[in-house]
Structures are given as C-alpha cells and as structure tokens.
2 protein chains.
Amino acid sequence: MQIGIVAKKIGLSVDAIRFYERNALLPRPPRTRGGFRQYAETDVETLAFIRRVQGLGFKLSEIRGLLNLRGNRLQPCAPVRRRLQEKLSDVQQKLASLHNLERDLRLALRHCNREMRKRSAHCPILRERNPSKPEGAK
Amino acid sequence: MQIGIVAKKIGLSVDAIRFYERNALLPRPPRTRGGFRQYAETDVETLAFIRRVQGLGFKLSEIRGLLNLRGNRLQPCAPVRRRLQEKLSDVQQKLASLHNLERDLRLALRHCNREMRKRSAHCPILRERNPSKPEGAK
DNA sequence: GTACACCCTGGAGGATAGTCTAGAGTCAAC
DNA sequence: GTTGACTCTAGACTATCCTCCAGGGTGTAC
Ligand SMILES: [Zn+2]
Ligand SMILES: [Zn+2]
Ligand SMILES: [Zn+2]
Ligand SMILES: [Zn+2]
C-alpha cells in the first residue's frame with residue numbers, strides 16, 4: 001500500500017503519517033526501488049491505535065510510550081492502567097478549572113446584566129477593580 | 001513608575017509587559033531621556049484588567065477587542081455581554097468534550113481492569129480494534 | 001513515450017503567550 | 001566617579017501537532 005492509500009483509509013493526511021515516522025511513532029516501512037514507502041496492514045493498525053489513544057487525550061510523546069508497551073508481550077496492563085489513571089486525573093483537574101471558569105463567566109454576565117438594566121454607562125466588567133472572582137473558595 | 005515596579009505590583013514579568021506593549025494591548029508609555037518607560041496608574045489598571053479577563057478565559061487577541069470597548073463611553077454592555085456569552089458557550093463545549101473524555105477513560109480503565117483479573121497477556125487498550133468509544137452518541 | 005497522479009526530501013510556517021539571552025545603556029546613591 | 005540594580009533592543013527559543021512549499025523523481029496507463 002502506498003502512503004496515500006493508507007492516509008485515506010484511516011483519515012489522516014500524508015504529511016501527518018510522514019510526521020509520525022519522523023517522530024518515531026511509526027516504524028520506517030520498506031521502500032520501492034524508486035523510494036516510495038510500502039505499508040502493510042500492521043502499519044494501518046498502528047496508526048489506528050495512535051488515533052484511538054490520541055482520542056483519549058494522550059499526546060504524541062506519551063503515545064510513544066504506549067507503543068513501546070504495545071510491543072511487549074508480558075502483562076502490560078499495569079503500566080497501561082497507571083497511564084490511564086494519570087490521564088484521568090489530568091482530565092478531572094481540567095474539568096474542575098473549567099467549571100470554575102464557567103461559574104465566573106455566569107457571575108460576570110449577571111453583573112453586566114444588572115448594570116444594563118440600570119442603563120448605566122459604566123459596565124462593571126470593564127470597570128470594576130475586583131470583579132467576579134471573590135477569592136473566597138480554595 | 002518604572003516597569004519593574006509595575007511588574008511587581010501586579011505580578012507579571014517585565015518581559016510580559018513589554019510583550020503586551022508590542023502587541024498593542026498596552027499603550028506605549030512616555031520615556032525618560034534615557035529611554036526608560038514611565039508608567040502611570042492607568043497603566044496598572046489596564047494591566048489588571050488584562051489579567052482579570054484573561055482569568056475569564058479570553059485570549060490576548062480577544063482582550064484587544066475588550067480594551068477598545070473599554071475606551072468607549074457609551075453603552076458598552078451589549079457587546080460585552082455578547083462576548084461573555086460566546087465565551088461561556090465555548091467553555092460549555094469544552095466541558096462537554098472533557099466529560100466525554102472522562103467517560104471514555106473510565107471505560108478504558110474498566111476494560112483494562114477486567115482483562116487484568118483474567119491475567120490475560122492481551123491488554124484490550126493496546127489491542128482492540130474499536131475500543132471504548134461506541135460511536136453512538138452525537 | 002508521454003501524460004498524469006502520486007510520491008520524495010528538507011525546511012519554513014503557524015497559533016499561543018510568553019521566556020530568555022546578549023550586549024549595551026541608565027539611574028541613583030555614595 | 002564608581003558601584004549595583006535596573007532597563008533597553010532585537011531576536012531566538014519553548015511546546016504541540018502538524019501543514020504547506022518548492023523542486024524534483026516515480027509508476028502506470030494509453
Ligand atoms: Zn490492560
Ligand atoms: Zn459589579
Ligand atoms: Zn456590562
Ligand atoms: Zn475489551
């Protein structure tokens with residue numbers, strides 16, 4: 001299979017595939033005499049794996065580690081679980097901080113709303129010193 | 001006030017302040033004969049505003065827009081509200097996708113767990129074709 | 001044998017929000 | 001007039017995940 005076929009098959013760009021190769025995520029495939037890359041099904045599977053765990057929020061550097069694990073035969077579950085756990089707590093932290101942000105934005109909107117009803121030319125979002133973040137909760 | 005004082009006052013680096021100036025977030029202040037920037041209180045307020053709305057998740061390019069609004073005297077609430085609303089729905093979208101991610105990670109962990117109890121050498125995260133993402137929900 | 005789609009390499013670019021550096025100048029105090 | 005802390009500029013660098021480009025070669029069908 002040449003690179004364009006593989007790209008179409010799994011929905012990546014040709015450039016992305018070459019990028020993965022350069023960055024040691026995909027093994028260097030054999031070439032034709034003319035230098036064209038020749039891929040096998042296992043490469044397609046590897047790329048599918050990459051997409052899959054990328055969808056779980058892993059970055060490419062982390063995926064490199066997972067790919068090594070994937071090479072091992074013996075009991076890879078423990079390290080995989082560790083990584084999944086870490087990623088899960090990252091995500092939970094991000095969720096918490098986004099929830100805070102959501103709260104602050106709602107607060108700001110309420111403020112702004114109130115001021116608008118008063119037809120004040122002073123918009124509290126733009127003017128206030130210490131606006132929607134009460135500094136209270138830790 | 002010279003730049004280092006301002007920086008300390010509001011907790012930014014000197015470099016960040018100069019960066020904001022280069023990127024038209026902070027007006028160019030007057031200089032001493034020797035070329036040192038001389039800031040006034042209004043500049044400190046502007047920087048505080050920048051930090052504040054940055055804390056609401058606005059990026060610098062968006063903050064530039066807010067700063068223009070801040071210059072206006074007349075009824076700025078409407079456009080401010082629009083921007084806050086937009087930002088809020090961005091945040092909500094991000095929240096939704098992070099929640100999905102969280103679900104997928106939990107699912108993957110459960111899978112991996114199950115396989116581990118069976119002491120299978122085949123870790124489902126590493127091997128499965130169509131793993132934790134059921135493609136069902138839109 | 002030539003048209004045409006496809007592939008090759010290396011390197012630049014891009015969005016974000018700054019940080020860090022070198023090499024030189026300035027300000028205040030003593 | 002010298003020390004020491006501060007400031008100036010321009011430009012390179014960080015991280016992430018690619019995309020886009022030029023300038024050239026390849027593969028296959030007609
Ligand atoms: Zn497992
Ligand atoms: Zn208010
Ligand atoms: Zn308002
Ligand atoms: Zn399974």
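Hydrogens, waters and symmetry mates are skipped; everything else that's a heavy atom, side chains included, is used. Letters A, B, ... are given to chains in the order of the sequence lines, protein chains preceding strands, and every chain is numbered from 1.
Between A:T32 and D:dG27 there is a side-chain polar atom (N or O) within less than 4.0 angstrom of OP1 or OP2. Distances shorter than 4.0 Å separate some side-chain N or O of B:Y20 from OP1 or OP2 on C:dG18. Between B:R31 and C:dC27 there is no side-chain N or O to OP1 or OP2 distance below 4.0 Å.
A:E102 and B:Q92 are linked by a side-chain donor-acceptor pair at a separation below 3.5 angstrom, with hydrogens and angles left out of the test.
Computed from coordinates, the A:K59 NZ to D:dC18 P distance equals 13 Å when rounded to whole Å. Spacing between atom CG of A:L60 and atom C1' of D:dC18 amounts to 9 Å, rounded to whole angstrom units. Rounded to whole Å, the distance from CG on B:L12 to P on C:dT19 is 8 Å. Atom CD in A:E21 sits roughly 15 Å away from atom C1' in D:dC18 (whole-Å rounding). Atom C1' of nucleotide D:dC8 and atom CG of B:D15 are separated by 11 Å, given to the nearest angstrom. Atom CD1 in A:I3 sits about 15 Å away from atom C1' in D:dT26, given to the nearest Å. Separating the CG atom of A:N23 from the C1' atom of D:dA15 is a distance of 13 Å, rounded to the nearest angstrom. Regarding A:R28, its CZ atom lies at a distance of 10 Å from the P atom of C:dT9, rounded to whole Å.
With C:dT19, C:dC27, D:dG27 as the choices, the nucleotide that has an atom nearest any side-chain atom of A:F36 turns out to be D:dG27.
With DNA chain C read from its 5' end, the first of the two nearest nucleotides for B:R22 and B:Q2 is the one closest to B:R22. Heavy-atom nearest nucleotides on DNA chain C were determined for B:R33 and for A:R18, and the one closer to the 5' end corresponds to A:R18. The 5' end of DNA chain D is approached more closely, in terms of each residue's nearest nucleotide, by A:F19 than by the other of A:G34 and A:F19.
With rounding to the nearest 0.5 Å, the separation of NZ in A:K94 from CG in B:L101 is 8.0 Å.
B:Y39 places a side-chain heavy atom less than 4.5 Å from the side chain of B:I17.
Using a 4.0 Å heavy-atom distance criterion, B:Q54 is classed as a sugar-phosphate-only contact. Within the nucleic acid shown, A:R37 comes within 4.0 Å of sugar-phosphate atoms alone, with no base atom in reach, counting heavy atoms only.
Evaluation of the side chain to side chain donor-acceptor pair (under 3.5 Å) rule for B:K59 yields no partner, not counting sequence neighbours.
Judged by the 6.0 Å and 45° rule, A:R70 forms a cation-pi pair with A:F49.
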